[in-house]
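Below you'll find the structure, written out as structure tokens, and then a few comments.
Residue indices begin at 1 and follow the sequence shown.
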Amino acid sequence: MSLKDKITSILFSQKSKEEMGEESLAQQVENEPESQENLSFASVDETVLKLPADHPLHQLHSIRRKEAGYLPVPRLCLDEDGVLPEDLIRREKNRLQNGLKSVCGFRLKAARTGNKEKRRKGKEDEEAENESKGLDALPWFFLSADKLYAWVLVFPPTEQGEELSRDLLYEAMRAQGIIYGVDTRLADRLAHDENRYFNLFLLARGKPAFDGQNGNIVDSFPRVIERVLQVNEYDQVDYTALNLIHNVKEGQEICRLIRPTEGEPGRTVLDQEIPAKSGKTVPLPKGRNTEISEDGEALVATISGHVEFTGRSFQVKPVLDIPENVDFSTGNIKFLGDVNIKGDVQTGFTVRAMGSVWVGGVIEAGSTVEAGGDLTVVKGILGDGTTSVRAHRCIFSKYVENATICVRENLQTDAIINSSIYCDGEVVVRSGRGCIMGGRIWAAKKVSATAVGSRSECRTSVALGGLPCTNFEQELARRELRELEVELETLECQPDNPTKASLLAKLRIKLSTAEMKLKQLEEDLLNTKEARNEEEGRLECGIAYSGTEINFGDQTLRLRQENRQCVIRMAEGEIIVI
């Protein structure tokens with residue numbers, strides 16, 4: 001065989017062997033079901049990226065395994081510690097797969113190109129073959145879309161290429177600009193780790209930016225008024241208590257401002273600042289009769305009244321307007337200011353106000369009205385013996401019938417029929433019929449009426465002097481104390497159970513409070529009597545019918561005859577009629 005034929009035979013036979021070796025290696029990878037099962041990442045872990053069997057990474061892994069003899073199965077896990085958000089992992093998995101396909105394709109092409117050049121040179125150029133060292137180890141960095149995370153995957157060297165070293169890794173990081181949040185312990189360990197190739201490592205973490213929180217308003221009163229029914233300890237609902245009125249005192253806080261917070265900027269792994277937004281401030285909903293506190297963080301009431309939200313702001317109304325009756329549509333009224341009621345106060349309902357109360361209709365039987373100022377009733381008070389009306393100033397009413405009245409100053413009306421009146425000032429019944437018929441009138445200063453009593457001699461009592469309202473409150477306290485004692489005695493006779501224990505505790509507290517209140521009233525009454533003359537006061541009337549009783553302290557005068565245009569008063573310890 002000639003020299004030319006020998007050279008041709010050697011070259012083509014060597015190429016054929018190498019090509020056959022690569023084909024057999026690829027066939028071996030395809031025919032290894034266990035290996036392919038491992039490389040396809042059969043794990044259900046969502047943080048692990050599963051690559052198809054024909055991905056270039058598997059081919060690079062096969063080449064390295066052929067050269068090294070053993071190589072762990074690749075693992076592309078984005079979050080080994082389980083600290084990254086799930087939505088971030090889902091977004092980055094697709095980007096990672098596309099990036100790996102590109103870089104692995106280039107790496108595989110470069111490796112195959114080196115092998116072809118080696119075969120082309122042949123055995124005759126052994127020195128050139130020794131100089132061709134192959135490809136060095138390649139750290140490939142994958143950055144998240146927001147540049148907050150950086151992973152590294154190291155491709156092994158081919159043939160006589162340089163293995164991964166610490167200097168090689170840090171130089172590659174500097175080239176990529178990854179300088180912030182680097183896990184230096186991982187980077188130092190990676191150069192000597194046996195699993196450093198074909199595995200994904202989270203190498204650097206940036207600092208996310210945090211936007212500031214917007215300002216907020218914390219309300220002390222509801223903006224939408226809802227009817228709330230309360231259930232007592234007996235599982236009963238009071239349908240007259242709807243809690244529709246929200247009272248506020250002067251200087252009381254209505255709502256408070258929560259200031260916005262400043263945003264905290266972040267840093268990417270490339271040491272770039274991530275701007276953050278600061279929170280937006282919100283204005284306090286300032287309305288009528290409100291003001292902002294000196295520190296600017298609270299809205300307070302400038303007057304006492306009823307708080308309402310108008311849709312844009314809080315306002316305080318000094319006057320509560322009830323357009324119709326006080327009934328089940330409004331519930332009981334409890335207000336710190338004035339109350340204007342255009343209709344009636346219907347049976348069983350209660351109106352309590354710190355200011356004045358104006359009623360355009362009638363105060364019906366079984367109702368209770370208390371005013372901190374004046375009380376005006378246009379059409380009168382029509383009770384049934386249980387109606388209670390109190391005012392800390394004056395009462396003006398068309399008439400008073402079958403009701404209990406306690407007024408700190410004066411009472412003026414057209415007629416008083418079968419009622420109990422306690423007045424620390426004057427009772428004036430001069431307009432209209434001007435009659436006082438039946439019941440008991442106790443006035444500290446004066447009773448002035450057109451007629452007192454009746455021709456039928458119905459029992460009418462007029463007491464003058466003293467402290468009518470204080471005595472009335474003392475009577476109420478005693479009555480309340482007696483009722484609580486009876487209730488306590490009845491409850492103690494019931495079988496023991498958890499409900500009984502709870503009710504007993506509450507009842508004893510109420511009983512103790514009532515005893516203290518009665519004791520205080522008795523002390524106040526005793527102290528005030530010493531400074532006030534029991535015998536002051538007078539009765540002025542156009543006609544006083546027989547049968548009428550006049551009381552000054554312990555002394556009583558029963559009129560035996562009809563007296564006209566008379567004045568009855570106390571003089572020198574005796575009741576005289578002038």
Q | Passing option when L375 is tested against I405, V351, I395 for side-chain contact (heavy atoms from CB on, under 4.5 Å) | A | I395
Q: Would you please test R408 and E473 for salt bridge (charged side-chain N to carboxylate O under 4.0 Å, His left out) and show each step?
A: CA-CA 12 Å; R408 290 286 181 179; E473 291 177 356; 2.6 Å; yes
Q: Kindly state each residue pair satisfying ring pair (Phe, Tyr, Trp, His ring centres under 6.0 Å) with at least one member in residues 409-439, sequence neighbours excluded.
A: Y422-F472
Within the 4.5 Å heavy-atom criterion, are [X] and [Y] side-chain neighbours or not?
X: I417; Y: Y399; value: no
X: W442; Y: N471; value: yes
X: R433; Y: T450; value: no
X: E273; Y: R267; value: yes
X: I416; Y: L411; value: yes
X: R205; Y: V83; value: yes
X: V378; Y: W358; value: yes
X: I274; Y: D146; value: no

Please report the closest heavy-atom contact between [X] and [Y], naming both atoms and the distance.
X: C423; Y: P468; answer: O-CG, 3.2 Å
X: G366; Y: T386; answer: CA-OG1, 3.4 Å
X: E324; Y: I341; answer: O-CG2, 3.7 Å
X: Q252; Y: F221; answer: NE2-CZ, 3.6 Å
X: F335; Y: P318; answer: CE2-O, 3.6 Å
X: K510; Y: L484; answer: O-CD1, 3.7 Å

Spacing of [atom1] belonging to [X] relative to [atom2] belonging to [Y], to within rounding of 0.5 Å:
X: T548; Y: R459; atom1: OG1; atom2: CZ; value: 12.0 Å
X: I254; Y: F314; atom1: CD1; atom2: CZ; value: 7.0 Å
X: S144; Y: R91; atom1: OG; atom2: CZ; value: 8.5 Å
X: T387; Y: N402; atom1: OG1; atom2: CG; value: 8.0 Å
X: T310; Y: R223; atom1: OG1; atom2: CZ; value: 10.0 Å
X: I578; Y: L539; atom1: CD1; atom2: CG; value: 11.5 Å

Q.
Check E297 with R256, please: is the shortest side-chain N to carboxylate O separation under 4.0 Å?
A.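 Salt bridge: yes.
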(Q) For a salt bridge (charged side-chain N to carboxylate O under 4.0 Å, His left out) check, start with the C-alpha distance between E426 and K445, then their side-chain angles and the critical distance, and finish with the verdict. (A) CA-CA 6 Å; E426 299 180 358; K445 296 180 179 180; over 6 Å; no
Q. Can you name the salt bridge (Lys or Arg N to Asp or Glu O under 4.0 Å) partners of D414, sequence neighbours left out?
A.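 Result, salt bridge (Lys or Arg N to Asp or Glu O under 4.0 Å) vs D414: K398.
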**Q.** Short side-chain donor-acceptor distance under 3.5 Å, E457 and S546
**A.**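 Looking only at side-chain atoms, E457 and S546 do form a donor-acceptor pair, the distance falling under 3.5 Å.
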Q | Distance-only donor-acceptor check, side chains E250 and S304, under 3.5 Å | A | no
Q. Side chain of D344, backbone of Q346: donor and acceptor closer than 3.5 Å?
A. no
**Q.** Test item: N410 side-chain N/O and C394 main-chain N/O as donor-acceptor pair under 3.5 Å
**A.** no
Q | Trace of the side-chain contact (heavy atoms from CB on, under 4.5 Å) decision for N289 with K317 | A | CA-CA 7 Å; N289 300 319; K317 289 186 175 181; over 6 Å; no
**Q.** Evaluation steps, side-chain contact (heavy atoms from CB on, under 4.5 Å), between H306 and L336
**A.** CA-CA 7 Å; H306 168 58; L336 293 178; over 6 Å; no
